[in-house]
Amino acid sequence: MDFAAIFKAAFALVVGLDPGFLAIVGLSLKVTLTAVLIAGLIGLPLGAALALARFPGRSVVIVCLNALMGLPPVVAGLFVFLLLSRSGPLGPLGLLFTPSAMIAAQVILVLPIVIALTRQTVEDLWSEYRDHLRSVGLQGMRAIPTLLFDGRFALATALLAGFGRASAEVGAVLIVGGNIAGYTRTMTTTITLETSKGDLPLALGLGLVLIALTLAINAVAFGASRIGARYAG
Amino acid sequence: MRDVTSILPLSLETVSFLGAGRKLVDAVSLVVPAGGVTVLLGPNGAGKSLMLRLCHGLLTPSEGRVHWAASATGRAKRHAMVFQKPIMLRRSVQANIDHALAAAGVARAQRRERAQAALQRFGLSERATQPARLLSGGEQQRLAIARAWSLRPELLFLDEPTSQLDPAATRQIEELLTGLVAEGITVLMSTHDLGQAKRLADRVLFLHRGRLIEDSLAEYFFAEPQTIEARAFLAGDLIW
Amino acid sequence: MIRTRRLLLAAGFSAAFAGLALAQTTTVAPPAAAAPAVAGTRFIIVSSTTSTQDSGLFGHILPLFQAKTGIEVRVVSQGTGQALDTGRRGDADVVFVHAKAQEEKFLAEGFALERKPVMYNDFVLIGPKSDPAGVAGTKDIVAALKAIQEKAAPFVSRGDKSGTHSAELALWKVAGIDLDQKKGSWYRDVGQGMGAALNTAGGMGAYVLSDRGTWISFKNRGDLTIAVEGDRRLFNQYGVMAVNPAKHPHVKVNDGQAFVNWLVSPEGQKAIAEYKIDGQQLFFPNATQAGA
């Protein structure tokens, strides 16, 4: 196996901005970013509410949530697949083998991460701010906007963690998306496909882009935590 | 429509608070009229902090009731509290004040004015955009008082506000409090610092093991304490 | 407090639905080679096999179909068994596989109204150049399999209910070898598609049955080469079926049938024959052949 030739071909692909290649990268970003956005919209308030609420069985809920952070992507994919198949309960929506199905599956993967990390962050902040917030009239759920905003750096890191998990997975998007050329093919599913076809330059090129993306995310997360530390004093 | 009736006097009617099976506050009755500095004095563990929280509404009495002369709950409470360790939000100095005003329901246009007025009154204008948590301890406590003041309270609770500050910062805070009283704000504060109590108090409430055992004007209390515990405390003995 | 939480949940779910709806309306543009789609994105879903996908045939013929009819064909590739199940569940409009027995079962179950033969390619037995079973060059696949089993030479099976897998199992049967009894550590069941199975065979120096199409376009050959080819029993017939609307009323009957008709039309058959890799034709159209 000629590694030099493979790397050269991979590099050429990235630099040459091949439209098929760009479409794949674009779809991956679109699916994962949308999934993270939706998971954030649902998970941030839910996680904060969970941090503040007290009800019987709360510990059980928290343990289950933490466990769901490790949900195998392929299982999430299978679950969504069974829901969205024409023979399944949500079949009439006609969403199977579309980017929307992929987004739904990734939301399921990202949501537990967002909720669990938000709960932890908000709970810590609440124990610190509680007296003052209640003093100025923000008791119970009314404190949520304050807590979410003040926890913004830790929460941004949580969202970035969710992004990392979603952008790296292949099991879920493969099952519910069907890996359709030009329509539901992402970086990870293409890497799988091209590797199995023995077309290593393309697979590797995409792998390099994926790694670069992960590096960028981690750099941003690090920067965010540094700025956050400044405000935390 | 502004409610012009004062919330004072504040009265506690045989208020008790149970915790861990004991009465941490035991059948306390007192009245706080408008004006001046009332100091809650007593050794650590006497229940001073609990008393303040019960008055302010952060805790609910197990027995008895806390009664204000007019509506004093909800968003526009008209009484505010400053804590022993200043609680600073992870925002700028001005944003901290703005947040409290927003919580009280003040409209955006007036929030800016009132926040800036508070910054100016307490000498924090230069620090307006700095992260509040980077201020020194004394400055943070000053900000906490400024924040409470911006809410236009009739009564200000302070829970050992200078116990964590150095003497210079302590003196600054005490001067601020005197200034607030001159404006007409009633102050109810706790301290275990005898010197501070002597410097500031118009009236002393002495607590021991959750019971209010002395309640008199400051000059009488320091000159002639009525109870053994108070005498021991003033003499510098450890009592519990 | 409960009311606020419900409000939050409601807000969250409406946001989610909005997001999904939004994503549904914005689709990624089809490949540059395709003609612009008719307004409203007319498309059908075809479930086919990984070996057909891996061969690159679709990349060649589908743009031609789309240019003519304006219908975008979205291909979901799986193993044959899975592809047929996708049709059974109604998740595809057309099924295009290469396992006649399984296709006829599909037909008998009423999931399609008819089956049309389209083309054939052939299987080849791939093996390491070192040829541990000594079968290289023979034209008799059955004799070769017997030799492999007797010498316990490593053999990779796709094991995924695919058309290739079915063909492999059928050949073992013809050779009179009961796999359940004679299976040993030499028989490696990988449960994967053709490309992956080839990768694995190359990695462990094993024999593997592959369709010629995947083999020709496979780029990671390593030490592998064709050991046995040309036996009539290695021919691999492809059939196409439109899913029966009586079973699944939502399937796109007209557009699906248009695709089926095009595949067996002179135009479609010509397009299939013209697909070449390295100058070699992979698929041989035979829609008009009786009994195919």
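Below, chains carry the letters A, B, ... as their sequence lines are ordered, and counting in each starts from 1.
For a residue to count as touching a neighbouring chain, one of its non-hydrogen atoms must lie under 4.5 Å from one of that chain's; by this rule B:Leu151 touches chain A with the side chain only. Neither the backbone nor the side chain of A:Arg130 comes within contact range of chain B, judged by heavy atoms closer than 4.5 Å.
Taking the charged nitrogens against the carboxylate oxygens, B:Arg90 and A:Glu128 do have a contact shorter than 4.0 Å, which makes a salt bridge.
Summarising the geometry, atom CZ belonging to B:Phe157 is positioned 9.5 Å from atom OG belonging to A:Ser135; distances are rounded to the nearest 0.5 Å. A distance of 6.5 Å separates CG in B:Leu89 from CG in A:Leu133, rounded to the nearest 0.5 Å.
B:Glu126 CD: 12 or fewer foreign heavy atoms inside a 6.0 Å radius. Summarising the local packing, NZ of B:Lys23 is surrounded by more than 12 heavy atoms from other residues, nucleotides or ligands at distances under 6.0 Å. Crowding of B:Arg112 atom CZ: a count of heavy atoms from other residues, nucleotides or ligands under 6.0 Å not exceeding 12. Annotation for A:Phe79: atom CZ does not count as buried by contact number, only 12 or fewer foreign heavy atoms lying within 6.0 Å.
Looking only at distances, a side-chain donor or acceptor of A:Arg134 sits under 3.5 Å from a matching main-chain atom of B:Leu58.
The choice from B:Arg91, B:Met81, B:His56, B:Gln130 that makes the most heavy-atom pairs within less than 4.5 Å of chain A is B:Arg91.
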message: For A:Leu138 and B:His99: C-alpha separation, side-chain torsions, deciding distance, then whether side chain to side chain contact (heavy atoms under 4.5 Å, CB included) applies.
response: CA-CA 11 Å; A:Leu138 297 176; B:His99 172 265; 3.7 Å; yes
task: Could you check B:Arg147 against A:Val136 for side chain to side chain contact (heavy atoms under 4.5 Å, CB included), going step by step and ending with a plain yes or no?
output: CA-CA 10 Å; B:Arg147 187 171 59 188; A:Val136 297; over 6 Å; no
